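First up is the structure itself, then whatever we jot down about it.
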There are 2 protein chains.
Amino acid sequence: MKAVSSSAPPGREIFAPFAMVARALGHPCRLGLLQLLAQGERSVEALAEQAGLGLANASQHLQQLRRAGLVATRRQGNRIFYRLSDRAVVALLSALRRLAERNLSEVARLVERHFKVLDQAEPIGPVELVQRMKKGLVTLIDVRPAEEFAQGHLPGALNLPLAELGRRARLLPRRRAVVAYCRGPYCMLSYEAVARLRRRGFTALRLEDGVPEWRARGLPVERGAPQALAPQRRKGGAAARRLCAANRR
Amino acid sequence: MKAVSSSAPPGREIFAPFAMVARALGHPCRLGLLQLLAQGERSVEALAEQAGLGLANASQHLQQLRRAGLVATRRQGNRIFYRLSDRAVVALLSALRRLAERNLSEVARLVERHFKVLDQAEPIGPVELVQRMKKGLVTLIDVRPAEEFAQGHLPGALNLPLAELGRRARLLPRRRAVVAYCRGPYCMLSYEAVARLRRRGFTALRLEDGVPEWRARGLPVERGAPQALAPQRRKGGAAARRLCAANRR
DNA sequence: CTTGCATTCAAGAAATCTGTTGAATACTAT
DNA sequence: ATAGTATTCAACAGATTTCTTGAATGCAAG
């Protein structure tokens, strides 16, 4: 950018810091990194791998995010963990998503179509989920990797990472519908999970929100406990009761 | 950006549209244009002039905003009027501002310092304004140009554009404190107005919000009526009553 | 101190973005 | 039609961004 055209109206530089933050959000890779970080803190290496980026490249993207104040770092021994600097970041991302959904109908249609192939049905919202859980109508599964589940998950959810879905799907009760959720509205894990479950004859639905959105709504999140890998779990009954108890307050 | 490094994790392109919207916000000039548009619709020419941009340059920035779905256009005869496409845009800008304020303390300090020279006192919030207006303690002035005032202003505000402040300041009551507002938290008009009024011996304060923020809070806005240019107006009394009435609902 | 590991820095090529200029388009008024 | 106005388009130079590669840094373990 050259010297601003003619008479620079005063108070233009004021916007520079804000523009910098917006710019930091302005790259698909960085949005992907932020979505991952919204699940919990991670090392550079883990982020690079899960985002499918080269190491140095991921590092540079992360530093850009840090310069913009969107993420913060913590050193632990040899490695450096990145995390969202503030839960307002999730709010900003949600605002961005809402607006892009409304206004970019052209692109949004394409995205939707691309996903609708996997999931023809509307996702259900958090309110409806709680109602159905209360009635014991659904089994709630978290299809993210176990580590992310450990860092926070919906109360009463079973952790069934997509990778293990093939092996463990048969353990799900067939009577109840299965509701799957993952990292967020634009994470494809749950789309994929729902598609696979349907192919196996399950009644499967997607939860609209991911964990970050759920948390941002002020709804309760259960931490820790990567869940016993025990394939045989009282499926749904106890879990549903826990979810309801947590939501009743 | 080349082909994404190695194995493109699925669902990366999904973020592209969102990144595009964020990018559109990622330039100081475009943020300035959006701030102007938040006051009301405008022609390209008016926008270019007020933002201090070349005509073609402004046009291109505006088209970028339109491609991102942030603004929309309307043709009227010879000219084209741009407007915000959705009030969610103001919400997004506010979210951006909040986050940048919190996290970019380094830059924020500089900005603040730059402004604190003009305004040493904290701005007052909308709640406090309503209270003081109710008690008839303050005169509320809108220091934006008359056209913007006409497109929407706080109930009971007097329009005293910065350009006319010199001539008309003497007409303000000296007993009451003067509260000035303008386009938003990072518009310098009100800073400047407050500084000038103080130099003249007034007790002057800045309102934290501008009209867009006020509106976004769901507070009432009076439209039309560029206000009689009559220098002699029952200053504050009737205005205050109107503001209070409007806010009471 | 040396080694190994995680991360960052540095440099360079390719792509993208910006602002300017001058021409082209779309509409109004004469 | 013709002239005039408002806006957009096209093209270009300069700046910035992005990703890759390879080296440098900081820390922990031996």
Side-chain angles (χ1 to χ4, degrees), chain A residues 1-9 12-13 15-16 19-33 37 41-68 71-83, chain B residues 1-9 12-13 15-16 19-33 37 41-68 71-83:
Chain A
M1 182 180 17
K2 285 187 186 175
V4 184
S5 118
S6 48
S7 59
R12 176 84 69 62
E13 327 72 65
F15 291 117
M20 183 195 173
V21 174
R23 263 184 129 83
L25 296 175
H27 194 292
C29 292
R30 288 192 290 272
L31 290 177
L33 288 169
L37 289 171
E41 67 171 11
R42 254 167 255 244
S43 69
V44 178
E45 196 177 23
L47 285 164
E49 178 174 343
Q50 296 191 46
L53 300 173
L55 198 54
N57 194 10
S59 174
Q60 276 169 159
H61 279 303
L62 288 167
Q63 281 171 77
Q64 202 165 335
L65 289 171
R66 194 180 46 182
R67 261 178 267 133
V71 305
T73 55
R74 174 178 75 86
R75 171 151 228 146
Q76 186 180 38
N78 222 355
R79 59 186 72 184
I80 290 177
F81 287 88
Y82 278 80
R83 65 176 185 279
Chain B
M1 182 185 12
K2 285 187 186 176
V4 183
S5 123
S6 47
S7 59
R12 175 85 67 63
E13 329 68 71
F15 290 119
M20 183 195 174
V21 174
R23 262 185 129 83
L25 297 175
H27 194 291
C29 292
R30 288 192 290 270
L31 289 176
L33 288 168
L37 289 171
E41 67 172 11
R42 253 167 256 247
S43 69
V44 177
E45 195 177 22
L47 285 164
E49 177 174 342
Q50 296 191 47
L53 300 173
L55 198 55
N57 194 11
S59 175
Q60 276 168 163
H61 279 304
L62 288 167
Q63 281 171 77
Q64 202 164 336
L65 289 172
R66 194 180 47 181
R67 273 192 299 270
V71 305
T73 56
R74 174 177 75 86
R75 172 150 227 149
Q76 185 178 39
N78 223 354
R79 58 185 74 182
I80 290 178
F81 287 89
Y82 278 80
R83 65 176 185 279

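Order of the sequence lines fixes the chain letters, A, B, ..., with proteins taken first and strands second; residue numbering starts at 1 for each chain. Small disclaimer: the values here were computed from a predicted structure and weren't measured.
If B:R30 and B:G77 are placed on DNA chain C by their nearest nucleotide, the residue sitting closer to the 5' end is B:R30. Place A:R75 and A:H61 on DNA chain D by their nearest nucleotides, and A:H61 ends up nearer the 5' end.
Straight-line distance from the CZ atom of A:R67 to the C1' atom of D:dT17: 11 Å, rounded to whole Å. Separating the CG atom of A:L53 from the C1' atom of D:dT18 is a distance of 11 Å, rounded to the nearest angstrom. The distance between atom CD1 of B:I80 and atom P of C:dT28, rounded to the nearest whole Å, is 11 Å. For the pair A:R23 CZ and C:dT16 C1', the interatomic distance rounds to 10 Å; values are reported in whole Å. When the P atom of D:dT17 is taken as reference, atom CG of A:L25 falls 15 Å away, rounded to whole Å. Rounding to whole angstrom units, CD of residue B:Q60 and C1' of C:dA23 are separated by 14 Å. In this structure, B:L55 atom CG and C:dT18 atom C1' are separated by 16 Å, rounded to whole Å. Taking atom CG of B:L47 as the reference point, atom C1' of D:dT8 lies 15 Å away to the nearest angstrom.
Phosphate proximity of D:dT7 to B:S59: absent, as no side-chain N or O sits under 4.0 Å from OP1 or OP2. At the phosphate of D:dT8, OP1 or OP2 sits under 4.0 Å from a side-chain N or O atom of B:Y82. Using a 4.0 Å cut-off, no side-chain N or O of B:Q64 falls inside it from OP1 or OP2 of C:dC17.
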Exercise for the section: Decide yes or no on side-chain contact (heavy atoms from CB on, under 4.5 Å) for A:H27 and A:Q64, but give the supporting numbers first. Expected result: CA-CA 11 Å; A:H27 194 292; A:Q64 202 165 335; over 6 Å; no
Handout entry: Worked verdict on A:L53 versus A:L33 for side-chain contact (heavy atoms from CB on, under 4.5 Å)
Key = CA-CA 10 Å; A:L53 300 173; A:L33 288 169; 4.2 Å; yes
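Under the 3.5 Å distance criterion, the side-chain polar atoms of B:R30 are left unmatched by any main-chain donor or acceptor of B:H61. Looking at B:Q63, its side chain does come within 3.5 Å of a backbone N or O of B:S59 through a donor-acceptor pair.
Comparing C:dA26, C:dT18, C:dC17 against the side chain of B:N78 picks out C:dA26 as the nearest. Listed nucleotides: C:dT7, C:dT8, D:dT17. Nearest to the side chain of A:R79: C:dT7. Taking every side-chain heavy atom of A:S43 into account, C:dT7 is the closest of D:dG22, D:dT8, C:dT7. Taking only side-chain atoms of B:E45, from C-beta outward, the nucleotide of D:dG22, C:dT21, D:dA6 with the closest atom is D:dA6. Of the candidates D:dC9, C:dT8, D:dC19, the closest approach to any side-chain atom of A:H27 belongs to D:dC19. For B:V44, taking side-chain heavy atoms from C-beta onward, the closest of the listed nucleotides C:dT8, D:dT16, D:dT7 is D:dT7.
Among the atoms of the strands shown, none is found under 4.0 Å from any heavy atom of B:F81. At the heavy-atom level, A:Q63 lies under 4.0 Å from the strands shown only through sugar-phosphate atoms. A:Q76 comes within 4.0 angstrom of no nucleic acid atom, judged by non-hydrogen atoms across all strands.
The distance from the CG atom of A:L62 to the CD1 atom of A:I80 is 10.5 Å, given to the nearest 0.5 Å. Here the CZ atom belonging to A:R74 is positioned 4.0 Å from the CD atom belonging to A:E41, to the nearest 0.5 angstrom.
Applying the 3.5 Å distance criterion, the base of C:dT20 shares no donor-acceptor pair with the side chain of B:N57.
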